[in-house]
Amino acid sequence: MENLKALSYELRKNTVDIIRNGGGGHIGGDMSVMEILVELYFEEMNISPEKADDPSRDRFVMSKGHSVEALYAVLAEKGFFLLKEVLDSFSKFGSKFIGHPNNKLPGIEMNSGSLGHGLPVGVGMALAGKMNKSDYRVYVVMGDGELAEGSVWEGAMSGHNYGLDNLCAVIDRNRLQISGSTEEVMKQDDQKERWSAFGWHVGDIKNGNDIDELREGFKEAREFKGEPTVIIANTIKGCGSAVMENKASWHHHVPSDEEYAGIMKDLEKRKEALL
Amino acid sequence: MKNTVTNRKIICDVLMENAEKDKDIVALCSDSRGSASMTPFFEKYPGQSVEVGIAEQDLVGIAAGLAKCGKKPYAFSPASFLTTRSYEQAKVDCAYSDTNVKLIGISGGISYGALGMSHHSAQDIAAMSSIPNMRVYLPSDRHETRHLIEALLKDEKCAYVRIGRNAVEDVYESVEKCPFRPDKANILKDGDDAAIIACGEMVYPALEAAKLLEKEGIHASVTDMYCIKPLDVETVLKVASKARAVITVEEHSPFGGLGSMVASVLSENEPKKMKILSLPDSPVITGNSQQVFDHYGLNPEGIRDTVKEMLDR
């Protein structure tokens, strides 16, 4: 098995470079969601550039679309496009690589950006799978701040109503949003109880930046029948470097030269420790 | 009223005729299957029907997800809610993501009469037309509705269709005599004095108005512009070029609807004296559809009088 733990740190470095080159990006959430994306794309999901149009491929929706820089790094590593293309053009005039997912790019199913859209779309994808008797699975990644959107709960209701056990939602529970702590902006604990009350099977991952724990969570979701699963992945915003960890001000931030040096040093150090 | 068959029933009929052989056709309702006349479809094709409850955002998001996985979803909801509550899903999940979702706005315009402005959709043409990649259609009668839905079943782009709640008089004698061409308006009557361009339920009274005008020696053309977006610019210019005045008629706000679009085409190409006949920029007076139309001059006599005013006759 490839060392996905180390790969996550390598891809964090690429993500930081994408953000620096583009002059903007949602770095905090990119860092918190990285292991979730790496585990999904390199282990859990049946998705590859060769199968980009295969009807039986798993479907992925990045509902927290602002973390697109992390998704670009992962999709480039997966071979959907070249990292160099992203580095050269992200957010630049005329670029295909914009600041939110755009399905004109290979590997991206749905456009997102406005929060709260992904879960209903995922419900539709999962319903289509059931109707077609296809056994693909659908994965939707949401942020925790995003859970204030009412449409998320409309999707939650319908996912349960139709017993969509081919649907797995993942919440990047990093507990920070642009204005500060999620609990101060609009308190939401206990998410586990909320999703249970909506009829979902809930997976509670203590360390959502740990590949092993995520793998166990996705396995459980796959095996659970009769209801959709939500995985609440407790992550660290800005995960990977003390320069940015758990700082709301890094929700959207371009590292200065000094910050960049510190971040890259930290990321490399953590990566090497995992090799 | 000779015709009693509603446009919504025709949509259900067309979908049912095709659902047997095309298992990808899916109907979605938001507790609106009765209003949409879709109960027979839901009963006959439960495996191709999705009820989402009173949740319009979910309705359109789910439809987009279904479409992305090869289904041909038809999402039904009152036009008022469909084009405002789920506006962002229409914009992002349908148009921007380029999914094959057909949004069917039922009970459009002021169909709901005395239920008030919360239930009226006098803004839907403006709202939906301004979304890139969204098409907007307002068929004038049951025969055109049939042609339109049959045509939409064959394409893979999203579209918004607005229909009213009540049965409307036939504009066309039969399905066969409705000369449907995708995105091409129908010139129902020629005339060089004035050009009346109407859409949806306003086409029939426009045609009646032209008949009244003929009796007074005024020759007005009448165009059924069911395709609001993409607007049939060629036909607009064709009928306008011959006329001394252009009158648009629509069951919509005065802003951003058929009149606004025709006005922008004419001002750029063929400036003409023009009048936009529409609902007012205010909650409409209480009444059933016909009472409201009569009150605002959206009836044969009102349209006739407006045309005469424009021609100083």
Side-chain angles (χ1 to χ4, degrees), chain A residues 53-63 65 98 100-105 108-140 149-162 164 166-167 198, chain B residues 19 22-31 45-75 77 81-82 84-103 131-134 158:
Chain A
D53 297 316
D54 184 342
S56 68
R57 71 189 182 280
D58 288 339
R59 305 303 201 279
F60 177 78
V61 180
M62 189 72 163
S63 195
I98 62 174
H100 289 102
N102 186 320
N103 64 2
K104 298 286 180 290
L105 285 171
I108 294 178
E109 303 275 5
M110 290 294 288
N111 297 356
S112 57
S114 178
L115 296 168
H117 283 238
L119 194 56
V121 168
V123 166
M125 291 173 158
L127 269 172
K130 293 281 184 192
M131 287 173 176
N132 291 341
K133 298 189 171 38
S134 179
D135 60 3
Y136 66 76
R137 290 182 58 75
V138 181
Y139 297 86
V140 177
E149 291 282 7
S151 51
V152 170
W153 302 100
E154 291 186 12
M157 271 186 273
S158 50
H160 163 63
N161 188 70
Y162 288 101
L164 299 174
N166 53 348
L167 173 63
F198 273 76
Chain B
D22 189 348
K23 291 294 171 198
D24 285 332
I25 294 173
V26 178
L28 299 95
C29 283
S30 53
D31 197 22
Y45 299 105
Q48 289 167 257
S49 302
V50 179
E51 176 60 72
V52 304
I54 306 167
E56 291 81 10
Q57 298 181 78
D58 208 25
L59 175 86
V60 179
I62 290 175
L66 284 163
K68 187 67 201 172
C69 294
K71 294 295 179 187
K72 299 172 184 171
Y74 284 71
S77 191
F81 315 137
L82 186 63
T84 50
R85 182 67 73 93
S86 42
Y87 187 53
E88 201 180 60
Q89 278 74 16
K91 174 185 149 192
V92 177
D93 304 344
C94 301
Y96 185 34
S97 291
D98 201 11
T99 52
N100 179 18
V101 176
K102 304 301 181 340
L103 300 166
I131 298 175
N133 196 38
M134 179 63 75
C158 63

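Atom set for the values below is all heavy atoms of this structure, side chains included, hydrogens, waters and symmetry mates excluded. In the text below, chain A, chain B and the rest are named by the order of the sequence lines, each starting its count at 1.
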(request) Examine the side chains of B:K23 and A:N132 and answer whether a donor and an acceptor come within less than 3.5 Å of each other. (result)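 Distance-only check fails for B:K23 and A:N132.
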Any chance you could measure [X], atom [atom1], to [Y], atom [atom2], to the nearest 0.5 Å?
X: B:S97; Y: A:I108; atom1: OG; atom2: CD1; answer: 10.5 Å
X: B:E51; Y: A:Y162; atom1: CD; atom2: OH; answer: 6.0 Å
X: A:S114; Y: B:D93; atom1: OG; atom2: CG; answer: 8.5 Å
X: A:L115; Y: B:E88; atom1: CG; atom2: CD; answer: 9.0 Å

(request) Determine whether more than 12 heavy atoms belonging to other residues, nucleotides or ligands lie under 6.0 Å from atom CG of B:D22. (result)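 Enclosed.
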(message) For the CZ atom on A:R137, are there more than 12 heavy atoms of other groups (residues, nucleotides or ligands in this structure) within a distance under 6.0 Å?
(response) yes
(message) Show, in sequence, the C-alpha distance, side-chain angles and deciding distance for A:M131 and B:C69, and conclude whether the side-chain contact (heavy atoms from CB on, under 4.5 Å) test is met.
(response) CA-CA 10 Å; A:M131 287 173 176; B:C69 294; over 6 Å; no
(message) What verdict does the side-chain contact (heavy atoms from CB on, under 4.5 Å) test give for A:V121 and B:K68, after you've listed the backbone C-alpha separation in whole Å, the side-chain angles of each residue and the deciding distance to 0.1 Å?
(response) CA-CA 9 Å; A:V121 168; B:K68 187 67 201 172; 5.8 Å; no
(message) Among B:V26, B:T99, B:L28, B:V50, which residue has the highest count of heavy-atom pairs closer than 4.5 Å to chain A?
(response) B:V50
(request) For B:D58 and A:P120, indicate whether the former's side chain and the latter's backbone hold a donor-acceptor pair under 3.5 Å. (result)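 Pair absent, no side-chain N/O of B:D58 close to backbone of A:P120.
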To check you understand the geometry: which heavy-atom pair defines the closest contact between [X] and [Y], and what is its length?
X: A:N103; Y: B:Y96; result: OD1-O, 4.2 Å
X: A:S112; Y: B:V92; result: CA-CG1, 4.4 Å
X: A:E154; Y: B:E56; result: OE1-N, 4.1 Å
X: A:L127; Y: B:L66; result: CB-CD2, 3.9 Å

(request) Give, as side chain, backbone, both or neither, the part of A:K104 having an atom under 4.5 angstrom from any heavy atom of chain B. (result)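 Only the side chain of A:K104 comes within 4.5 Å of chain B.
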(request) Output the option from A:M110, A:K130, A:M157 having the highest count of non-hydrogen pairs under 4.5 Å with chain B. (result) A:M110
